[in-house]
Amino acid sequence: MTISTFSYTQAQNVAIATEQKTIQYTNGREVFNICKVNQTMNYQEDLEYYWYNEYSNVKSTKGGAGGNLLHGKYQFFDEKGNLMSEANFFLGLKDGVEKSWDTDGEIKETYKFNKGKLVYSKFKSENSDNFIEWNGPALETGSVKKIYTSYGHLEQSEEVLEDLKFKVTVYFYDGKVKKKYTKGLMDWMYDEYFEYYENGKIKIYGKFEEDWRIGDWKWYSEDGSIDVIEKYRINRQYYPDNKIMTEGGEYFDTNSNEWKRNGRWIWYKENGKDWAETKKYEFGVEVEKKK
């Protein structure tokens, strides 16, 4: 069953006649507003427009509309009258805050839109009780992802860099920085790595190149003095035509005075691109082999 009422709102200094619709379902009730007559407008192909007609009810399509555009507040109530979701629309585009709740009245998800473009989101992780927050569109360069515990403590932040790398900061429970590093989508490590004691002093410092440790890695005591220095490098070998044949990490064993394999090793086919075999080593000992 659908119920309609009428009202007017302002959009870009133009009065928009709207009609409120109420649709009753077996599992709840949908209440929303639509434009009585859609404005003449240029639809943007990359944006999602929400619309209504009496045959399809509320639907959405990119770059166009198959009915009257949603404009104003949207709400969905369950069969007991509990508010389950709420959003706002501007001429078919999500605009402003969108929220959803669980049956206990706790907020599950929060989103913010600016004329159809997502600018903020916060939702519960599928794999834990943590909450994920994005300031900016997910995975877009410059956006920041934050991970909070169920008690609201910031655990980790990740700034999206170019080439889908992430500048990661891990925090102690009191908010002090515990680790800083850069990783890729495959969790490979890049560039500088920092780890700190709770007193803020440096604990470990080193560098990565495509997940291989390189150069001098230093371990510090809490008073700031250096405890250990270890040397790492990448060993690369080539076919006669200069295509890559093998590459892998090594560390310098001061006891035997020689370089030993450490980390990922890759054997390439003769085209220098496809992997023929991979192995993983820990301080000279093979721990994993894949073909």
Side-chain angles (χ1 to χ4, degrees), residues 125 128 130 132-149 153-238 244 246-255 257-266 268 275 278-285 287-288:
S125 170
S128 69
N130 290 345
I132 309 298
E133 179 183 65
W134 276 99
N135 284 285
L139 301 180
E140 184 175 288
T141 301
S143 294
V144 177
K145 174 185 177 182
K146 294 183 178 181
I147 303 174
Y148 295 88
T149 68
H153 296 286
L154 179 60
E155 255 187 4
Q156 186 168 308
S157 65
E158 302 178 5
E159 180 184 354
V160 184
L161 307 176
E162 293 182 357
D163 300 324
L164 285 180
K165 292 180 181 178
F166 302 84
K167 185 177 180 181
V168 180
T169 304
V170 182
Y171 300 90
F172 287 107
Y173 191 78
D174 61 2
K176 294 179 181 177
V177 175
K178 183 178 182 180
K179 298 178 183 179
K180 292 193 299 185
Y181 56 88
T182 300
K183 69 173 184 177
L185 277 178
M186 297 175 62
D187 287 332
W188 285 10
M189 306 285 276
Y190 299 85
D191 305 326
E192 292 182 302
Y193 176 91
F194 299 88
E195 192 167 334
Y196 300 90
Y197 290 103
E198 288 192 71
N199 63 10
K201 290 184 179 291
I202 187 72
K203 183 178 182 180
I204 304 172
Y205 173 78
K207 289 185 178 181
F208 284 99
E209 180 182 321
E210 295 185 353
D211 212 37
W212 286 298
R213 293 185 181 192
I214 58 173
D216 289 349
W217 275 66
K218 300 176 182 179
W219 281 257
Y220 296 81
S221 62
E222 289 194 62
D223 64 8
S225 60
I226 296 177
D227 278 340
V228 178
I229 297 178
E230 292 183 351
K231 294 183 179 294
Y232 294 86
R233 72 180 186 184
I234 301 172
N235 184 333
R236 292 186 171 96
Q237 299 176 15
Y238 298 86
I244 186 73
T246 62
E247 61 179 344
E250 293 183 332
Y251 87 104
F252 188 75
D253 187 340
T254 55
N255 293 321
N257 203 35
E258 61 181 347
W259 289 93
K260 293 185 177 180
R261 291 177 176 177
N262 186 68
R264 183 183 72 256
W265 270 74
I266 304 170
Y268 292 89
W275 292 8
T278 66
K279 296 181 180 180
K280 185 177 180 180
Y281 295 84
E282 289 183 0
F283 302 105
V285 178
V287 294
E288 183 181 339

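Quick note: residue numbers are just sequence positions, from 1. Bear in mind the structure is a predicted one, so any value in this text is a computation, not a measurement.
The CG atom of N135 sits 11.0 Å away from atom CD of E159, with the distance rounded to the nearest 0.5 Å. For the atom pair S221 OG and K201 NZ, the distance stands at 9.0 Å (nearest 0.5 Å). Atom-to-atom distance recorded for F172:CZ and D174:CG is 7.5 Å, nearest 0.5 angstrom. Between the NZ atom of K231 and the CG atom of D216 there is a distance of 3.5 Å, given to the nearest 0.5 Å. With rounding to the nearest 0.5 angstrom, the NZ atom of K280 is 15.5 Å from the CZ atom of R261. To the nearest 0.5 Å, atoms NZ (K167) and CG (D191) are separated by 10.5 Å.
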Audit row: V160, F166, side chain to side chain contact (heavy atoms under 4.5 Å, CB included) steps and yes/no:
CA-CA 5 Å; V160 184; F166 302 84; 3.9 Å; yes
Derivation of the side chain to side chain contact (heavy atoms under 4.5 Å, CB included) call for E155 and V170:
CA-CA 6 Å; E155 255 187 4; V170 182; over 6 Å; no
Kindly determine whether T246 and I266 satisfy side chain to side chain contact (heavy atoms under 4.5 Å, CB included), including the steps that lead there.
CA-CA 5 Å; T246 62; I266 304 170; over 6 Å; no
When you look at K145 and I132, which way does the side chain to side chain contact (heavy atoms under 4.5 Å, CB included) test go after all the steps?
CA-CA 7 Å; K145 174 185 177 182; I132 309 298; 3.7 Å; yes
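Heavy-atom minimum distance, I226 versus Y220: CG1-CE2, 3.4 Å. Among all heavy-atom pairs drawn from Y181 and Y193, the shortest one is CB-CD1, 3.7 Å. Pairing each heavy atom of S157 with each of K146, the nearest pair is CB-CG, 4.1 Å. Residue N130 comes nearest to T149 through the heavy atom pair OD1-CA, 3.5 Å, listed as atom of the first residue, atom of the second, then distance. The two atoms that bring N262 and F283 nearest to each other are OD1-N, 2.9 Å, heavy atoms only.
Taking the centre and axis of the six-membered ring of Y171, the NZ or CZ atom of K178 falls outside the cone set by 45° and 6.0 Å. Relative to the ring axis of Y190, K165 places its NZ or CZ within 45° and under 6.0 Å from the centre.
Within 6.0 Å of the CD atom in E162, the count of heavy atoms belonging to other residues, nucleotides or ligands does not exceed 12.
Using a cutoff of 4.0 Å between basic side-chain nitrogens and carboxylate oxygens, E209 and R236 are scored as salt-bridged. A salt bridge links R264 to D211: one of the charged nitrogens lies within less than 4.0 Å of a carboxylate oxygen. The existence of a salt bridge linking E158 and K183 is confirmed by a sub-4.0 Å separation between a basic side-chain nitrogen and an acidic carboxylate oxygen. Salt bridge annotation for E250-R233: present, with a cationic side-chain nitrogen under 4.0 angstrom from a carboxylate oxygen.
Put simply, the side chain of S143 gets close to the backbone of E140: a donor and an acceptor are under 3.5 Å apart. In this structure, W265 contributes its side chain and Y281 its backbone to no donor-acceptor pair below 3.5 Å.
In this structure, Y148 has its ring center no closer than 6.0 Å to that of H153. No close placement of the W219 and Y205 rings is indicated, their centers lying 6.0 Å or farther apart. W217 and F208 have their aromatic ring centers within a separation under 6.0 angstrom.
In this structure the side chain of T182 never reaches within 4.5 angstrom of the side chain of W188, judged on heavy atoms. Using a 4.5 Å heavy-atom cutoff, the side chains of Q156 and V168 are in contact. Side-chain contact check for T141 versus L161: every heavy-atom pair is 4.5 Å or farther apart. W134 has its side chain out of reach of V144: every pair of non-hydrogen atoms, C-beta onward, lies at least 4.5 Å apart. K203 is not listed as a side-chain neighbour of F194, based on a closest heavy-atom distance of 4.5 Å or more.
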